[in-house]
Amino acid sequence: MKAVVVAGPNEVSYREVQAPAIGPGDVLVKSHEAGLCRTDIEMMTGVFTDPRWVRFPVIPGHEWAGTVLEVGASVESVHVGDRVVCEGFIVCNRCRRCRSGETHWCERIEALGFTRPGGYAQLVAVPERVVHRLPDHVSFDAGVLVEPASVVLRGLEKARPQTGEAVGVIGVGTLGSLAIALLRLQSPSRIVAYGVREEELELAQQLGATEVVLVGDGAPAQDELDLVVETAGVPVAVALATELCRPGGRAVLLGIAGEGRTLTLPSDLLVGKDMTLIGSIAYPASTWSRVVGLIADRVLDLDPIVTHRFPMSDFQEAVALMDDRRGIVAKIVLEH
């Protein structure tokens with residue numbers, strides 16, 4: 001089969017590799033498309049090489065969807081031909097963190113696209129327990145977005161948005177777009193999107209933002225919002241989130257700035273504003289299931305967030321687009 005393989009930092013190629021074999025409890029899935037994530041690029045370039053999470057050589061692709069091609073002898077919940085999406089984490093379900101429901105902190109965690117081959121391969125072998133069936137009306141595009149939507153939903157669930165609140169979203173890439181889509185389900189009084197490019201603010205309006213603010217031109221953004229969701233992944237965006245919160249408000253931080261980046265805030269800011277600062281990363285299996293349910297029940301429409309698609313063999317062009325961000329760019333998918 002063909003796959004994008006990251007042999008090590010800056011050693012990336014699209015080439016022939018051995019197709020996986022499956023055991024009695026496994027499912028072999030034909031990957032149709034996979035999303036390009038900033039983390040994938042950081043593995044390719046050597047920015048993200050933490051041995052706890054990355055094992056080279058690796059086939060990326062933690063956001064992907066496909067069709068079941070073969071099932072193991074003991075598999076019962078899915079069948080050949082089913083359209084499916086697969087959880088990114090493979091956990092033990094036995095350690096104390098799994099038993100408490102925090103499966104994303106499993107003590108023996110594996111991750112598709114990081115420590116196991118992911119959806120940048122034409123065929124992917126996964127345990128039955130991580131496979132979710134997709135109804136026929138759900139597109140593979142939506143399936144690709146289940147993983148990042150789970151990241152956002154978990155952060156929002158920790159912040160508990162309430163009907164009628166004024167909310168803000170900083171950064172309108174994939175996570176910011178998903179935040180707007182998910183916040184709309186809570187019937188806020190306002191959704192204010194903050195961005196550094198006119199194009200991303202145009203996308204925010206298309207997705208349902210009621211107001212947009214262009215930041216970075218020297219004029220500080222001002223507001224008093226009940227809830228702010230930061231997805232930009234830069235320290236200045238975190239500072240902006242704290243400024244936009246009303247006294248007693250909450251800010252959810254989803255963006256990852258990267259190792260070595262630091263943030264300086266007034267020491268009394270959080271106390272003085274009586275505000276709650278919430279960090280959130282990844283998702284437990286339960287959140288993943290809720291996202292699948294939202295799209296299966298036609299409550300959440302994720303299709304508009306896919307803005308570009310490339311053949312898997314042209315992955316380098318997709319990477320260049322994410323770096324250059326020409327025009328409206330949210331989720332980029334690579335197709336087999």
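Predicted model only: the values in this text are computed from it and were never measured. The figures here come from the full heavy-atom set of this structure, side chains too, leaving out hydrogens, waters and symmetry mates.
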For this session: Kindly work out whether a path of hydrophobic side-chain contacts (I/L/V/M/F/W/Y, heavy atoms less than 4.5 Å apart) joins Val215 to Val172.
Result: no
For this session: Please indicate whether Lys273 has more than 12 foreign heavy atoms, meaning atoms of other residues, nucleotides or ligands, lying under 6.0 Å from its NZ.
Result: yes
Exercise. Under 4.5 Å between any side-chain heavy atoms of Pro9 and Thr49, yes or no?
Worked result: yes
Exercise. Do the side chains of Val234 and Ile170 join up, straight or via other hydrophobic residues, at under 4.5 Å, putting them in one cluster?
Worked result: no
Exercise. Hey, does Pro148 have a side-chain heavy atom less than 4.5 Å from the side chain of Leu175?
Worked result: yes
Exercise. Should we say atom CG of Leu263 is surrounded by more than 12 heavy atoms from elsewhere, each under 6.0 Å from it?
Worked result: yes
For this session: Heavy atoms only: give me the nearest Thr103-Ala285 pair and the separation to one decimal.
Result: OG1-N, 2.9 Å
Problem set entry | Between NZ on residue Lys158 and OG1 on residue Thr287, distance to nearest 0.5 Å | 10.5 Å
Exercise. Is Glu157 paired with Arg290 through a side-chain N to carboxylate O contact shorter than 4.0 Å?
Worked result: yes
Exercise. Once you round to the nearest 0.5 Å, how far does CD1 of Ile295 lie from OG of Ser139?
Worked result: 7.5 Å
For this session: Indicate whether the side chain of Glu33 and that of His336 have a donor and an acceptor atom separated by less than 3.5 Å.
Result: no
Exercise. If only atom types and distance count, is the side chain of Asp40 paired as donor or acceptor with the main-chain N or O of Cys37 below 3.5 Å?
Worked result: yes
Exercise. Under 6.0 Å between ring centres, would you say that holds for Phe89 and His104?
Worked result: no
Problem set entry | Residue Arg325 excluded, over 12 heavy atoms near CZ under 6.0 Å | yes
Problem set entry | Heavy-atom donor-acceptor pair, Glu230 side chain to Gly233 backbone, under 3.5 Å | yes
Problem set entry | side-chain contact (heavy atoms from CB on, under 4.5 Å) evaluation trace for Lys2 with Glu16 | CA-CA 5 Å; Lys2 287 287 189 70; Glu16 290 278 353; 3.3 Å; yes
Problem set entry | Rounded distance (nearest 0.5 Å) linking atom CD1 of Ile180 with atom CG of Leu185 | 12.5 Å
Exercise. Got a salt bridge between Glu211 and Arg190, using NZ or NE/NH1/NH2 to carboxylate O under 4.0 Å?
Worked result: yes
Exercise. Going by heavy atoms in the side chains, are Leu203 and Ser177 under 4.5 Å from each other?
Worked result: yes
Exercise. Are Ile59 and Phe48 connected, step by step, through hydrophobic side chains (Ile, Leu, Val, Met, Phe, Trp, Tyr) whose heavy atoms are closer than 4.5 Å?
Worked result: yes
Exercise. Around Arg298, counting heavy atoms of other residues, nucleotides and ligands shown, do more than 12 lie under 6.0 Å from its CZ?
Worked result: no
For this session: State plainly whether the residues Glu63 and Lys331 are in salt-bridge range, i.e. N to O under 4.0 Å.
Result: yes
Exercise. Backbone N or O of Glu87 within a donor-acceptor pair of the His132 side chain at under 3.5 Å?
Worked result: no
For this session: Side-chain contact test, heavy atoms from C-beta onward, threshold under 4.5 Å: evaluate it for Val4 versus Val12 and give yes or no.
Result: yes
Seminar exercise, completed: Output for pair (Asp301 CG, Leu207 CG), nearest 0.5 Å, gives 9.5 Å
Exercise. Quick one: does Pro20's side chain get under 4.5 Å of Leu123's, heavy atoms only?
Worked result: yes
Exercise. Going by atom types only, do Tyr14 and Asp314 share a side-chain donor-acceptor pair under 3.5 Å?
Worked result: no
Seminar exercise, completed: Here the pair of heavy atoms bringing Arg160 nearest to Gln162 is O-NE2, 2.9 Å
Exercise. From Asp226 CG over to Met275 CE, what is the distance, rounded to the nearest 0.5 angstrom?
Worked result: 12.0 Å
For this session: Please collect all salt bridge (Lys or Arg N to Asp or Glu O under 4.0 Å) contacts where either partner lies in residues 114-140, sequence neighbours excluded, each pair once.
Result: Asp82-Arg133
Exercise. Using 30° and 60° as the class limits, which term best fits the ring planes of Phe140 and His32: parallel, tilted or perpendicular?
Worked result: parallel
Problem set entry | Pairing of Asp141 and Arg309 as salt bridge, 4.0 angstrom limit | yes
For this session: For the pair Val167 and Val229, evaluate side-chain contact (heavy atoms from CB on, under 4.5 Å) and give the outcome as yes or no after the intermediate values.
Result: CA-CA 8 Å; Val167 301; Val229 182; over 6 Å; no
For this session: Would you give the length of the straight line joining atom CG of Leu183 to atom CG of Leu156, rounded to the nearest 0.5 angstrom?
Result: 5.0 Å
Problem set entry | Close side-chain approach of Leu178 and Leu302, heavy atoms under 4.5 Å | yes
Exercise. Of all heavy-atom pairs between Leu182 and Ala149, which one has the smallest distance, and what is that distance?
Worked result: CD1-O, 3.8 Å
Exercise. Do Arg55 and Glu110 meet the salt-bridge criterion of a basic N to acidic O distance under 4.0 Å?
Worked result: yes
Exercise. Are more than 12 heavy atoms from other residues, nucleotides or ligands located less than 6.0 Å from atom CZ of Arg184?
Worked result: no
Exercise. Got a sec, which residues hit side-chain contact (heavy atoms from CB on, under 4.5 Å) with Gln316, two or more places apart in sequence or on another chain?
Worked result: none
Problem set entry | Glu165 bridged to Arg250 by N-O distance under 4.0 Å | yes
For this session: Could you tell me whether Tyr283 and Trp288 have their ring centroids closer than 6.0 angstrom?
Result: yes
For this session: Without swapping roles, check the side chain of Glu200 against the backbone of Arg197 for a donor-acceptor pair under 3.5 Å.
Result: yes
Exercise. Passes side-chain contact (heavy atoms from CB on, under 4.5 Å), Val29 versus Thr67? Steps please.
Worked result: CA-CA 5 Å; Val29 182; Thr67 303; 5.8 Å; no
Problem set entry | Smallest separation among heavy atoms of Pro235 and Ala257, with atom names | CD-CB, 4.0 Å
For this session: Taking all heavy atoms of Ala21 and all of Ala125, pick out the closest pair and write down the distance.
Result: O-CB, 4.0 Å
Problem set entry | Any side-chain heavy-atom pair of Phe315 and Leu36 under 4.5 Å | no
Problem set entry | Closest approach of Val212 to Ala204 (non-hydrogen atoms, all atoms of both residues) | CG1-CB, 4.3 Å
Exercise. So if you build clusters from Ile, Leu, Val, Met, Phe, Trp, Tyr with side-chain heavy-atom gaps below 4.5 Å, do Val54 and Trp64 land together?
Worked result: no
Exercise. Passes side-chain contact (heavy atoms from CB on, under 4.5 Å), Ile332 versus Phe310? Steps please.
Worked result: CA-CA 8 Å; Ile332 302 168; Phe310 293 84; 3.8 Å; yes
Exercise. Any side-chain heavy atom of Leu225 within less than 4.5 Å of one from Val192?
Worked result: yes
Problem set entry | Member of Val169, Leu227, Val152 meeting the side-chain contact (heavy atoms from CB on, under 4.5 Å) criterion with Val252 | Leu227
Exercise. Does one hydrophobic cluster hold both Leu28 and Leu112, with members joined at side-chain heavy-atom distances below 4.5 Å?
Worked result: no
